[in-house]
Q: 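The following block contains the structure, expressed as structure tokens.
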Amino acid sequence: MNGKQITKLGFERKAIGLALAAATLRERAGLSRDEILDELRGVQANPDVFLGGVYDDLAADLIALRAVQEARASSDLRPAPLPYPVWGADLIDPGAHTQMDVAMRLPISRAGALMPDAHVGYGLPIGGVLATENAVIPYGVGVDIGCSMMLSVLPLRPGALKTEEAKALLMRHTRFGAGIGFEKRDREDHAVLHEDTWDALPLLGHLHDKAINQIGTSGSGNHFAEFGSFTLAAADTELGLEAGEYLALLSHSGSRGFGAQVANHFTRLAQDLHPTLDKSAQKLAWLPLDTEEGQAYWTAMNLAGRYALANHDLIHARLARALGETPLLRVSNSHNLAWKQQIDGKELIVHRKGATPAAAGQLGLIPGSMADPGFLVRGRGNPAALASASHGAGRQLGRKAAINALAKKEVQAYLDRHGITLIGGGIDEAPQAYKRIEDVIARQTDLVDVLGQFMPKVVRMDTGNEDV
DNA sequence: ATGTCC
């Protein structure tokens, strides 16, 4: 028996040595060369049944090799992206299209859509909707898992709250910024902190304290809490509101450090699981849902989603309590999350990364900038958009570009023109850094109906790197 | 988005 004969059978590298070693043992046991070659062909064809015997090492090596090859093949991108519809293509930069094209080449992708506020993000573009089969992409959800909106419509006229009082309330009852939590004596409790889910994974147990410390707060970047006037053009029986103008509170917050650490942990895990994934798609690495890792992400992601809404919950409860009022209406929606959704009779995983769920009849909130109107919308359940809409106006200038291109003076002039009082806020969040919300709304009339409009008056955000 | 470390 020699290496040449074994190589001829198609064994490679390490397997050649292992096959040779096993063949030698079989020769000693008295088998002929042809009998041994037959056995080796058998191991090749079906290594699993040879585990534990004289061919154990060889069989194990072949099985490992097969797994690597299968993983590699299952990571291969399609040669061309699946087609996907785009709303407001004239508002979307080429980079977002390029990112969506890569996403639609993933072997797990089944359908997708681009919303009119789309712009470049990590992995999937912001404003991207992606339906996959039996897989979830951490960067298809985003770093701020469960990032969401909440609106409270109060039984007061907009003029009932003076600017100075609104400022004082926001200063007392909201907290903004990376790493920030309420001071211990002002910290509140919430049912989400008492869920059994925190014990389901070591990672969640580890992050529980951070979640407790940061409950009821808002983050940095585009997160905000603002008082303004909500205008309902026509009485709406479902909303239970008469037409008119109301004082309202609108907030944008997420899952804070807790969600960010969940996102980073599973993004790393997903990338480790797909070492041969094409570099262009590296940030779109996924977790199969039928694996322990995939299930763990699903559990953690949904907890982060509930935690983010709990933050809004406390923000709105504190401010309503301080005003001594009970809201007439409260609406909320997550816009960074993945959902199980039936599509053409099949259960798919629909990722919305900066996209508002817009199933038929579903209420949603699409904010503009700090100085522009936001909209209460009702979804139309458009199947081509996978029942989605934009999550806001969307950036037209990146953060750095905004800081370079805009002067404090012109931002302040914009705020003055719109009668906005701003606490905190950075140049990178200037209204001029965003697309015109009116244009974005006009591009999605087949995705949502506009029910009401919210105009901000007193806005609180984190103090950015470049203050306004 | 995040005490900016995978």
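Only heavy atoms go into these numbers, but all of them, side chains included; no hydrogens, no water, no symmetry mates. Throughout, protein chains are lettered first and strands after them, A, B, ... in sequence-line order, and every chain is numbered starting at 1. Being a predicted model, the structure only gives us computed values, none of them experimental.
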Q: Quick one: do A:Arg330 and A:Asp313 make a salt bridge, cutoff under 4.0 Å?
A: yes
Q: Rounding to an integer number of Å, can you tell me how far A:Asn311 CG sits from B:dT2 P?
A: 10 Å
Q: For A:Gly254, answer base if it contacts any base atom (sugar-phosphate contacts may also be present), sugar-phosphate if it contacts only those atoms, and nothing otherwise; contact means non-hydrogen atoms under 4.0 Å.
A: nothing
Q: Assess, by modelled atom type and distance only, whether the side chains of A:His194 and A:Asp189 contain a donor and an acceptor separated by less than 3.5 Å.
A: yes
Q: Any side-chain N or O of A:Lys210 less than 4.0 Å from the OP1 or OP2 oxygen of B:dT2?
A: no
Q: Using atom CG of A:Leu207 as one end and atom P of B:dG3 as the other, report the distance to the nearest whole Å.
A: 11 Å
Q: Rounded to whole angstroms, how far apart are OH on A:Tyr139 and P on B:dT2?
A: 14 Å
Q: Quick one: is the NZ or CZ of A:Arg395 closer than 6.0 Å to the six-membered ring centre of A:Tyr434, and within 45° of its axis?
A: yes
Q: Which whole-number value in Å describes the distance from A:Phe266 CZ to B:dC6 C1'?
A: 16 Å
Q: Hydrogens and angles aside, do A:Asp93 and A:His119 bring a side-chain donor and acceptor to less than 3.5 Å of each other?
A: no
Q: Figure out the OH/C1' separation between A:Tyr122 and B:dT2, and round it to whole Å.
A: 11 Å
Q: Has A:Arg417 got its NZ or CZ under 6.0 Å from the middle of the six-membered ring of A:Tyr414, at an angle within 45 degrees of the ring axis?
A: yes
Q: Near DNA chain B, which residues from residues 171-184 of chain A have a heavy atom under 4.0 Å away?
A: A:Ala178, A:Gly179
Q: Return the value, rounded to whole Å, for the distance between atom NE2 of A:His265 and atom C1' of B:dC5.
A: 15 Å
Q: Between A:Ser109 (side chain only) and A:Arg105 (backbone N and O only), is there a donor and an acceptor less than 3.5 Å apart?
A: no
Q: Atom OH of A:Tyr307 to atom P of B:dT2: distance rounded to whole Å?
A: 11 Å
Q: How many Å lie between CD on A:Gln271 and C1' on B:dC6, as a whole number?
A: 10 Å
